[in-house]
Protein chains: 2
Amino acid sequence: MASIREEITDKIRDELVAGNFRAGLALRESELAERFGVSRGPIRDAFLQLSQEGFLAYQVNKGVTVRHPLVGEDREFIASLRVQIELYIVDKGFNQITERGLNEVAESLRELELACQTGEVAKIAKADMAFHVSILQACGGDDHIQVWRQLCSRMLLTYTRLGNYEAIYQEHVDVYQALRSKMKDVALAAINSNIT
Amino acid sequence: MASIREEITDKIRDELVAGNFRAGLALRESELAERFGVSRGPIRDAFLQLSQEGFLAYQVNKGVTVRHPLVGEDREFIASLRVQIELYIVDKGFNQITERGLNEVAESLRELELACQTGEVAKIAKADMAFHVSILQACGGDDHIQVWRQLCSRMLLTYTRLGNYEAIYQEHVDVYQALRSKMKDVALAAINSNIT
DNA sequence: CTCTTTAGGCTTGTTAACAATTTACACCTT
DNA sequence: AAGGTGTAAATTGTTAACAAGCCTAAAGAG
């Protein structure tokens, strides 16, 4: 059971990932408040959080604007940092993965499969992210998830693997199976080659 | 002129860095609101932001608690990510450093010197961070500062170089002089060896 | 005696009104 | 006509009241 603030944040984030707002656009608190049928408070909170996550640029007394997505070299650099975090957490927490944790990962994988079948990029990107989060949590990496999420967010805006849905799914299946089989090195290699 | 929200956020962050709140402690909105003489709104905003920055842990309907500082292996790992970002930004933007940018760095360096003379760890940590920010900005790395800041924040809670004030200052002088002399490789090496 | 229930207080979540700031544009001066 | 000035509209910032959720402890049932 989430708060309104969280629901609103998720909705706006989804729209940003889906590309409904063009880069540079100024978002108005009242406009979104009216649209979602809530007061400006939760909208403000969401703007603040999404600014921290890197989606929006915030200026005092002037509101927020949609940030430009990462491209080229910058994107690759951020992606490398993201992978480093995943590798570090999985390497460190591999032995403490529980059956319950593996089931959570399996569930996320199933959701990713469904998302891939719909072909909606925004949904796939979201499910992709959720899958990785489930792994990080299974490895007890909660302490670093926030940093990981920020890095990941910046890249969601350019989730550019249109059409490769089956390949995306397969790559994640590989990661899951390696985890399930307790083959650490294979899992790390699979994560390392998982390109987003 | 900053907003109340920003002032409050800075004040609470300073106290956290100074170690005035022990890890695990639950912070109350009303208590801080009364202490700073403002309403709960800006306090809430500050809590939200500081949670994103990694200082506080947020739970819906239950408020925030002070997070435990990073230690050992985790701290070294985060530190390595932080250095990678600095190296990337400086490497990429070295040639676009302006005279004005260098002056900003020099100003930050002077503030760091003053902070070191006071011997107050919280002040030194803050000035240290500001110095690095000035460099990143001079190199046009605004796009990545937010991620950098989040990584850096987690480490501020264990700024453990008590007594080495003169050494801290000297290391930063080295970085500055390399920038001023346009010696890129020397600057990168100096940043890489700047241990926090 | 132990466990469950429930009432009360305490804390956070949300709202709507009010204050402060920015922006746009008509107006005046030169 | 160019440029500055003032005013009104729009937008964000802050506040305080109200709503909703959580926690504790006392009361009651078994």
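Here is how names work: the chains are called A, B, and so on, in the same order as the sequence lines, proteins then strands, and each is numbered from 1. All heavy atoms count here, side chains included; hydrogens, waters and symmetry mates do not.
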Interface polar pairs with nucleotides 8-10 of chain C, N/O, under 3.5 angstrom:
none

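Nucleotide C:dT14 holds its P atom 11 Å from the CG atom of B:Leu48, rounded to whole Å. Across the protein-nucleic acid pair, A:Arg5 atom CZ and D:dA20 atom P stand 19 Å apart, rounded to whole Å. Per the geometry, CG belonging to B:Asn61 stands 9 Å off P belonging to D:dC23, to the nearest Å. Taking atom CD1 of B:Ile8 as the reference point, atom P of D:dT14 lies 9 Å away to the nearest angstrom. Rounded to a whole Å, the CD1 atom of A:Ile4 is 18 Å from the P atom of C:dT12. Here the P atom of nucleotide D:dG13 and the CG atom of A:Asp45 are 12 Å apart, to the nearest Å. Going from atom CD of A:Glu7 over to atom C1' of D:dA20 covers 14 Å, rounded to whole Å.
Grouping Ile, Leu, Val, Met, Phe, Trp and Tyr by side-chain contacts under 4.5 Å, direct or through others, puts A:Val186 with A:Met183.
The stretch residues 23-34 of chain B touches DNA chain C through B:Leu27, B:Arg28, B:Glu29, each having a heavy atom under 4.0 angstrom from the strand. Interface residues of residues 35-43 of chain B facing DNA chain C, ordered by number: B:Arg40; criterion, heavy-atom separation under 4.0 Å.
For A:Arg44, a side-chain nitrogen or oxygen approaches OP1 or OP2 of D:dG13 to under 4.0 Å. For A:Lys62, a side-chain nitrogen or oxygen approaches OP1 or OP2 of C:dT23 to under 4.0 Å.
Under 3.5 Å, the side chains of A:Thr158 and A:Arg75 contain a donor-acceptor pair of N or O atoms. Donor-acceptor pairing under 3.5 Å is lacking for the side chains of B:Gln49 and B:Arg44. In this model, a donor atom of one side chain and an acceptor atom of the other lie less than 3.5 Å apart for B:Gln84 and A:Gln84.
Between A:Tyr88 and A:His144, the angle of the ring planes goes over 60°, which puts this pair in the perpendicular group of the 30/60° scheme.
Among pairs with a residue in residues 115-126 of chain B, those fulfilling side chain to side chain donor-acceptor pair (under 3.5 Å) read B:Asp14-B:Lys126, at least two apart in sequence or across chains.
Residue A:Val60 comes nearest to A:Tyr58 through the heavy atom pair N-CE2, 3.9 Å, listed as atom of the first residue, atom of the second, then distance.
Residues satisfying the ring-ring contact (aromatic ring centres under 6.0 Å, His included) test with B:Phe55, not counting sequence neighbours, are none.
Put simply, the side chain of A:Arg154 gets close to the backbone of B:Asp143: a donor and an acceptor are under 3.5 Å apart.
As judged by a 4.0 angstrom heavy-atom cut-off over every strand, A:Phe47 is placed among residues making no nucleic acid contact.
Applying the 6.0 Å contact sphere to CD of B:Glu34 captures no more than 12 heavy atoms from other residues, nucleotides or ligands. The neighbour count for A:Arg149 CZ, taken as heavy atoms of other residues, nucleotides or ligands under 6.0 Å away, does not exceed 12.
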